Structures are given as structure tokens and as C-alpha cells.
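Since the structure is predicted, the reported quantities are computational estimates derived from the model, not experimental observations.
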Amino acid sequence: MLVNEAVGTRQVDVDQIRLSLKARYDELSSEYDDAVEQSQVLRLVEVGDTAGDDQADSGTKTAERDTAQSLLRTILDRRAQYEHALNRLAEGTYGRCEGCTEPIPVERLEIYPSATTCVSCKQTRERRAA
């Protein structure tokens, strides 16, 4: 399927979609780099500043470290979604649901450009996961 058929767009629109997806991917890459740097600074501070720590201090540091790791995983996941969307665009399958192969509504793609499923298939997946 051609992306033009799937999302009802012209080549100019496909180019705009590609630029938009790539820009968001680049933003997420930059966010990830910043988060890695902040995580490393946090570790250095943690390693160098343990004198006199009690259980509460240790717990706080553990919570901060867990939060930083969670942020890194979240950013990587979101970046992978945009990378997948770019690959689908290159393959010509962007805008088609991976579940039922029907077109994903343009409104959904405008709100969530890395969407890979229509609303119906997404709801079905969420019900199964619950």
C-alpha cells in the first residue's frame, strides 16, 4: 500500500510527514543525550557524597536513580516509535493499521504521528493486556 492511499495525501504531504517525524526523532535523541548526561552527574554526586547518609538519604538517592532510569527508558521507547514510523513511511505502510491494515484516521495521525494501529485495534490490544 502506498502511504498516499493510506493517509490520503500528496507527495508534498509525505515529505512534510517525513520531516515532522524526523524532527521529533531528533528532539527525542537530544532529550535522551541530556538525560544520560544528567544521570551521569547524579551518579557522580551520589558516589562522592555518601558520608553521613542515613536510610532516608539512601532511599532518596535510590528513588532519584530509579526515576532517571525510567526517564531514559521512556525516551528510548518513544524514539523507537518514531523510528518505526519513519521505517513504515519508507516502506509505504505508514498510515495503515498494523492490526487490520485499514487506514488510520488522519486525525489520529495528526495527534499521534507514530500511531501504528487504528483506534479499534488499539482498544482491542488494551483490553487483552488488562
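Taking both residues in full, the closest heavy atoms of Ala85 and Tyr94 are given as O-CD1, 3.8 Å, listed atom of the first, atom of the second, then distance.
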Tabulate below the donor-acceptor pairs under 3.5 Å that side-chain atoms of residues 121-130 make, not counting sequence neighbours, or state none.
{"from": "Thr124", "atom 1": "OG1", "to": "Ser120", "atom 2": "O", "distance (Å)": "3.0"}
{"from": "Thr124", "atom 1": "OG1", "to": "Arg127", "atom 2": "NH2", "distance (Å)": "3.4"}

Indicate every side-chain donor-acceptor pair of residues 25-36 with a distance under 3.5 Å to a residue at least two apart or in another chain.
{"from": "Asp26", "atom 1": "OD1", "to": "Lys22", "atom 2": "NZ", "distance (Å)": "2.8"}
{"from": "Glu27", "atom 1": "OE1", "to": "Arg24", "atom 2": "NH1", "distance (Å)": "2.9"}
{"from": "Ser29", "atom 1": "OG", "to": "Tyr25", "atom 2": "O", "distance (Å)": "3.1"}
{"from": "Ser29", "atom 1": "OG", "to": "Arg79", "atom 2": "NH1", "distance (Å)": "3.4"}
{"from": "Glu31", "atom 1": "OE2", "to": "Arg24", "atom 2": "NH1", "distance (Å)": "3.4"}

For residues 103-113, run the donor-acceptor check on the side chains, cut-off 3.5 Å, and write out each pair with its distance to 0.1 Å, sequence neighbours left out.
{"from": "Arg108", "atom 1": "NE", "to": "Thr117", "atom 2": "O", "distance (Å)": "2.8"}
{"from": "Arg108", "atom 1": "NH2", "to": "Thr117", "atom 2": "O", "distance (Å)": "3.4"}
{"from": "Tyr112", "atom 1": "OH", "to": "Gln81", "atom 2": "OE1", "distance (Å)": "3.0"}

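Thr101 contributes no side-chain N or O that, together with a main-chain N or O of Cys97, makes up a donor-acceptor pair within less than 3.5 Å.
Separating the OG1 atom in Thr116 from the CZ atom in Arg96 is a distance of 14.5 Å, to the nearest 0.5 Å.
The list of salt bridge (charged side-chain N to carboxylate O under 4.0 Å, His left out) pairs with a residue in residues 97-106, not counting sequence neighbours, reads Arg88-Glu98.
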When you look at Ser39 and Gln69, which way does the side chain to side chain contact (heavy atoms under 4.5 Å, CB included) test go after all the steps?
CA-CA 8 Å; Ser39 180; Gln69 291 301 310; 3.7 Å; yes
